[in-house]
Amino acid sequence: METNKDKRHSTGSEQSIRLHMTAPRTFSNQCHILNKGAIDWSENGLLAYGSNNLVVIVDTAKVIPVQCFTDHKSLIKKLLWAPFDSVSGASSELVSADCAGDIALWDVCRGRCISWIDSEQAKPVNGLEWVPSSLNNDLLLGVLHSPYTFTILDVRKGTRLWKKTFCDTINSFAFDPFHLNRIAFLCPECILFFDNFDRKTALSGNGRKFYISNTAAGENSTVTEESTRPRTRFKRLMKGLVLGESQPKMDPSLTVSECIQFTYHRALRNHIILMYHHDILILDLYISMTVGVISIDRSFSPFCQMYSCRQRDIIYCLQETGSLSLKLRRKPIANYLMSPMDASPVTIAGNDSSTDTYLWYEHRIQSEIIRQTKNSKVLGLAVCPITEKHCAILLSMGKIMFFELEKIMTTANDVSFYLGRRDYHKITLSNIFPSFNDSQGLIPKVRLYPRGMLPSLESTLTVIKYCPPLTSATRAKYKPLLAVGTNSGNIAIFNLATGLMLKEYHVHSHPVRGIEWISQRYIISWSFYSYTLNTKSQVIVTDIHCGQSTPVRINKVDEPYVVFVKVSPLKQYFVIGIKDGPVEIWDLKSMSLLSKMSKRFPPAVCMEWVQCNLSKGKKNSVTTTIIEENEIGSKYPEHLLISDIAGNLYAFLIDSNSFLKPGTMIEPGILLKPPVYLTCKLNIALQVDSDGNLFVWDLSNHMDKQKQHINRLEIRKLKFAPGAGNFRFLCLSSDGIDIFNVFGSPQSIELISTMKTDKKLQIIDADWASAEHTVIMFNDHSIRVFDLKLTKSYSSIYNYEFDDLLGPPVILDRDLCKMFYFWLSATCKKVYSTELGFNNYELSLIKNACHSLPWTELELCTKIAERSLVVCQSLGLKNEVQFWTVAFHYIMMGDDYATSVVPPLDSCYDVVCDCATYRKIQLERVLLHEWKSGDYMHMRRVADKFILLGEKTRALDLLLPTM
């Protein structure tokens, strides 16, 4: 009888030899410059970005690829995650739009397209935003098609609700996060505002056009010689919005047409932000004037993207060098020493007393410049919408850099940046910086440190080769590895099951032309510079575990290039074929040259090893000795097949003494064009010529041959699938790739599937990943694993394998997430059972999710409201985060805490904050409006605000001069 100890031991041994199975999936590498801005961060911790025409999803916590969709035919322009708290639909939904105007809604977990909306005019999509709604019961999407078409779509139903065509060109648009019926459009010369947006009916009227001009601020628009000075330039940027149908006289130094990004302020109501190459303007829509400026020196790298945070009045700024900076709003300090990265508040109109009301953003921290190659560009920035302290930067080489904002512990803030307050949680941005309305909050020192990187191959891919197939001898250590050669001489090792790039080594100084696997640990590769000139070819054996390289053929001078390198089935020898030269036979253990073909022998065009006719047990013992121990004891005879330019097949034998013995010659019997490829499996050999004629040879009977015309031009590769009794083979040509099957006696072939390529997407190389899957490399730098039908190269994430140490991504269904959130907030348990209403599959998902939860912060929580807030932040429940933030604030105020030490809510919660904080926010804004003096009606509105706030003296002082 087996004891529990034996059961545990057997279970552990089964897990230790668990096989990583391959499923259809896609690996992306480099991006296109038109993918700029196609990046978005979801609420539940997934990152999506566009790589050429691929939609790639990455787990930001573990920095592993999760999913990749390949259905788009044009370059990806925009990506947008569906709100995680929406009532209906899947838990992880993503919308993608391409340059052709097509829009797709994806179910990331199940790996399927929910709906596809074809474009009516085939115009690129320049903007995507969800229509704001108080109820997330449907997904309505605002889409901007170039150059002036705005559409509202129901993406789940795949229908258009309404469409509006403008007269002016529209560059981008934005919904007001504080008002559901407001929308703004950025035109080349103006900003267009609508206050009557309705999700059911089209926009009526032409809206209100506002032009940026410095006449609204009461300043002269003349550009003098002093305009280049920092103080004068800062003053000149204090512009306003002028309402009108015609464009006023503009300052040529800064126009709307130069604006590279436009968005509403997420932390301040009725504010918009305009980003230029070296300046960021914050405009107050209530008074239509500039109330804040963020400037950098002209010698610095220009801005390319920004992100306005909601939890705190902070703006992330990304520069073209890849450097990320953080701008924090603070109260202006008199006599502030000017920094090149800051605009001095003292320079405003020369009035120091007025600086208390100005929106001043301090340059708080800046990350290091990302080292990039010559052609690398920064394509986009994404910020986590839940924490707002995790950032990701996408580069055109396909790399993603992940940054995290972290507080530096010093003697001044090692306990708390609040005076006399607890500072346990460090999950979100609001736990790092105090509220702007908090007069007792201390600003801590912070840093932006790189938390991780998703690597990619920076050079053009040239060749791929899959590892030796799975056998009983290699089962314990088997991994589905793929070796990839690049144009720069690097060789990368991918795990096709987990999607991770495990290793990358710089092996050659020339483009890699071919790779052969010796075992699961060693590969042999060759490279040369040119196909036309004599060159020095490099043949190198590499240990992929440590990167140690052993060169072969060291003392060779310039000669014709290497055509092929083939390793024998029993891993005893390898053969090197030289263009128009003799074939060389090498000993694999000693790396020594054994013999060469005679010069009288015709030059070999292609060759292939033939499996030895050994008994099954004897063959397995030899393979085990060679592959696992990499030692060769007694030699076993091996056979090879060589084809010359006339199509003749020559059989050779390498005996146990490593002597090459000629065998029989098989003549084709008819006139052939020069053969281009040769492959064989057991007693079946395939030979193809340049005209697309395929010859099927039965090696057991030299006279038994069949000719098949497969009607393919420029055939580059033939390869049998692995597996006993499996005679399927792939045929790679310039037209595409086909999968055939050899059957019957005499042998016949049948077509299983085919894939045609177009001019945009060409196949570079292909190989078998298993008996049922092919791996194909395309010219868009992507590597895709297909099934036998060659129709789909992605699957459900539940069919994917993930790294044993990192584990699968934490993706919970919405209903399961809400249920888990309830029990975790109430009990704070680490272990759950079916008694709480979970089934066994849901328990496995919850167990995986528990590994990534911040248990330290949860254990420090003393109240259910505080624990609920931390749980919501960890699970990505955005609506619940906002609710518990406000609820916990008032619970603290009504509890035993002193009111003076309860941190106030920030400006994004202005309508639900306490009366004292609300009055303080409104008073600061009215003082700012008073400083931005305008016409009579403007000052009258300011006086009315003073009266409503109880500041009668200020209102009287303001009204007396105007009388």
Side-chain angles (χ1 to χ4, degrees), residues 468 516-519 524 539 552-553 562-578 581-627 631-669 675 677-687 695-705 718-720 724 747:
E516 287 289 328
W517 286 82
I518 300 175
S519 66
I524 183 170
V539 181
V552 185
R553 305 179 80 249
V562 173
V563 179
F564 55 81
V565 176
K566 299 286 185 177
V567 180
S568 66
L570 298 182
K571 317 302 179 186
Q572 300 179 116
Y573 313 100
F574 66 93
V575 174
I576 300 178
I578 309 297
V583 174
E584 301 177 356
I585 300 176
W586 291 70
D587 187 286
L588 189 56
K589 180 180 179 181
S590 62
M591 293 296 171
S592 59
L593 179 63
L594 298 178
S595 62
K596 285 186 179 182
M597 290 287 187
S598 174
K599 294 183 179 180
R600 294 176 296 177
F601 185 80
V605 177
C606 48
M607 70 83 61
E608 187 62 67
W609 290 93
V610 182
Q611 295 181 2
C612 301
N613 294 323
L614 298 177
S615 63
K616 185 175 180 181
K618 191 173 183 180
K619 183 177 178 181
N620 285 342
S621 63
V622 174
T623 307
T624 303
T625 305
I626 296 169
I627 293 180
E631 294 181 359
I632 301 176
S634 59
K635 298 293 183 67
Y636 290 90
E638 299 208 55
H639 301 264
L640 66 152
L641 204 61
I642 298 178
S643 176
D644 61 7
I645 196 171
N648 299 317
L649 292 181
Y650 299 88
F652 290 88
L653 170 67
I654 303 179
D655 61 11
S656 58
N657 295 322
S658 301
F659 289 129
L660 181 66
K661 294 183 178 181
T664 58
M665 183 183 73
I666 307 174
E667 296 183 358
Y677 212 89
L678 174 67
T679 185
C680 62
K681 183 175 183 179
L682 296 181
N683 60 338
I684 302 296
L686 301 178
Q687 184 182 25
F695 287 84
V696 184
W697 300 89
D698 186 353
L699 299 182
S700 61
N701 184 2
H702 299 167
M703 301 301 297
D704 189 1
K705 60 180 182 297
L718 296 175
K719 182 68 179 294
F720 273 108
Q747 286 79 12

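Side-chain atoms are counted along with the backbone in the values below, which use heavy atoms only and exclude waters and symmetry mates.
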So which heavy atom on Val563 is nearest to which on Val605, and how close?
-> CG1-O, 3.9 Å

In this structure, CG of Asp655 is separated from NZ of Lys661 (nearest 0.5 Å) by 4.5 Å

Going from CD on Glu608 to NZ on Lys719, what distance comes out if it is rounded to the nearest 0.5 angstrom?
-> 8.5 Å

Counting N and O atoms only, with roles assigned by atom type, does the side chain of Asp587 sit under 3.5 Å from a partner on the main chain of Met591, one being a donor and the other an acceptor?
-> no

Heavy-atom side-chain contact between Phe720 and Ile684 under 4.5 Å | yes

Expected output: side-chain Trp609 to main-chain Lys566 donor-acceptor under 3.5 Å = yes

Phe564: partners by ring-ring contact (aromatic ring centres under 6.0 Å, His included), with sequence neighbours left out | none

Work out which heavy atom in Pro675 is nearest to a heavy atom in Asp644; give both atom names and the distance.
-> CG-O, 3.2 Å

Using atom types as modelled and distance alone, determine if a side-chain donor or acceptor of Glu638 lies under 3.5 Å from a backbone N or O of Gln611.
-> no

Got Val696 and Gln687 here, is their nearest side-chain heavy-atom distance under 4.5 Å?
-> no

Whether Ser568 side chain and Tyr573 backbone form a donor-acceptor pair below 3.5 Å = yes

For the residue pair Phe574 and Trp586, categorise the inter-ring angle as parallel (less than 30°), tilted (30 to 60°) or perpendicular (more than 60°).
-> parallel

Are Ile576 and Val562 side-chain neighbours, meaning at least one heavy-atom pair lies under 4.5 Å?
-> yes

